[in-house]
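Structure first, commentary second.
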Amino acid sequence: MTHVLVTGASGYLGQFVSKHLRDNLPKDVGVVGTFSRETNSKLVPEGVEAIQVNLGTGVGIDDVRNACPRLAAIVNCAAISQPKACEDDEPAARALNVPEHVVTLANELGARLLHISTDQVYDGTRANSNEDAPCAPVNAYGRSKLAAEEYITKNCNASKAVSLRSSIIYGPEPASPVGRTLFLQFVLKAVQGNEPFTFFGDEYRNPVYVKDICRIVESLVVAPEWPLSKPVYCMGGPERLSRADFARRVAAVAGSNGENIEEVSASSVNRGVKSPADISMESKLLFSELGITPTAFDDGVKASIKKP
Ligand SMILES: NC(=O)c1ccc[n+]([C@@H]2O[C@H](COP(=O)([O-])OP(=O)(O)OC[C@H]3O[C@@H](n4cnc5c(N)ncnc54)[C@H](OP(=O)(O)O)[C@@H]3O)[C@@H](O)[C@H]2O)c1
């Protein structure tokens, strides 16, 4: 049997991606998903074979190799994804976020590698960065993710590997809670109440709908020939929004007047880690090379917040 491996399948993106592949790949392709903390095995979606591995140290990697000897692709979603946690322990962030064990596995088994990177490789001083814009991360998270892209470009077969720079990901609640507040769900709760809430008016992102990432991943897994021409792509949504814009748009979609949204500057809050101001991205290249139309922000929000 051929397999596809999703690392970090217990995390927010990994849950959606592994479930999507489980439901959309041919039935003779098995989906294997990894988790790292013992308590999180149940977060890997049903029907996805869950394997525990520490991808920072490599403990458990043999179990992964044994579970999928014929490996078509790896979707690397495992990471220390919280900038503050990376800032607090940069060596640990680099050990996991620069995916040496994953790259070795992909190369050994001849698998495609779809690595999830971030918009935080940019320094935040310009709008609408594309693949050719200069990278200069301002925090440990961004540095570890840029080092990962460089490691992959240097060590992987160019016609089998890509780093996809995701912007902030929004979507429905995952099937199993991931133990942290998700921005869309936080905003939704805020705009449905009456208490005043502050949102940054000067931090710009291109929020990307989680199900668009699933479609991108699927198309890269099933393409008979490698369809991409570059080693790194921007993967943001179609609209550049400040966090305050994000909140006002969610309020409108949710039928709230948004009167309790107060716009403040990011500089008014100390988050213990530098956050780049404008890391909005122009992502037309990826969507056009794959023939995928990105979901409009309001439509993605509407689909994310509708009750099942
Ligand atoms: N969410 C966003 O808005 C966003 C934006 C831009 C880029 N990204 C990137 O997208 C990817 C997925 O993000 P996410 O939000 O889904 O992250 P997440 O919810 O924090 O999930 C992280 C995953 O990594 C796993 N992991 C942590 N430490 C590990 C270790 N030592 N060995 C193996 N696995 C380990 C976790 O497993 P356990 O649960 O078992 O610990 C979990 O499955 C990341 O690369 C992130 O940098 C995310």
Item to check | Residue Glu46 excluded, over 12 heavy atoms near CD under 6.0 Å | outcome: no
Checklist entry - Which heavy-atom pair separates Gln15 from Pro45 by the least distance, and what is that distance? => result O-CG, 3.5 Å
Item to check | Ala266 versus Glu203, closest heavy-atom pair with distance | outcome: CB-OE2, 3.9 Å
Item to check | Stepwise salt bridge (charged side-chain N to carboxylate O under 4.0 Å, His left out) check, Asp298 with Lys302 | outcome: CA-CA 6 Å; Asp298 290 351; Lys302 207 176 291 167; over 6 Å; no
Next on the checklist: Do Val210 and Val4 land in one hydrophobic cluster if side-chain heavy atoms of ILVMFWY residues count as linked below 4.5 Å?
Outcome noted: yes
Item to check | Side chain proximity check, Leu5 to Ile74, heavy atoms < 4.5 angstrom | outcome: yes
Item to check | Residue pair Ile80 / Ala85: nearest heavy atoms and the distance that separates them | outcome: CG2-CB, 3.8 Å
Next on the checklist: Regarding Thr104 and Asn107, do their side chains bring together a donor and an acceptor under 3.5 Å, going by distance alone?
Outcome noted: no
Checklist entry - Among side-chain atoms of Ser144 and Asn97, is any donor-acceptor pair under 3.5 angstrom? => result yes
Next on the checklist: salt bridge (charged side-chain N to carboxylate O under 4.0 Å, His left out) for Glu289 and Lys230? Distances and angles first, verdict last.
Outcome noted: CA-CA 10 Å; Glu289 286 193 12; Lys230 283 178 173 278; over 6 Å; no
Checklist entry - Tell me, do Thr295 and Lys211 make a side-chain contact under 4.5 Å, heavy atoms counted? => result no
Checklist entry - Has Asn257 got more than 12 heavy atoms of other residues, nucleotides or ligands less than 6.0 Å from its CG? => result yes
Checklist entry - Same hydrophobic cluster for Val98 and Val121, using side-chain heavy-atom links shorter than 4.5 Å among ILVMFWY? => result no
Next on the checklist: Pairing donors with acceptors under 3.5 angstrom, does anything connect the side chains of Tyr122 and Thr118?
Outcome noted: no
Item to check | Euclidean distance, Ser267 OG relative to Asp202 CG, rounded to 0.5 Å | outcome: 6.0 Å
Checklist entry - Asn139 and Gln120: side-chain hydrogen bond (donor to acceptor under 3.5 Å, both in side chains), yes or no, with the steps? => result CA-CA 8 Å; Asn139 58 33; Gln120 297 219 22; 2.8 Å; yes
Checklist entry - So, do Cys135 and Arg165 sit near enough that their side-chain heavy atoms are less than 4.5 Å apart? => result yes
Next on the checklist: Does the Lys NZ or Arg CZ of Arg243 fall within the cation-pi geometry relative to Phe200 - under 6.0 Å from the ring centre and within 45° of the axis?
Outcome noted: no
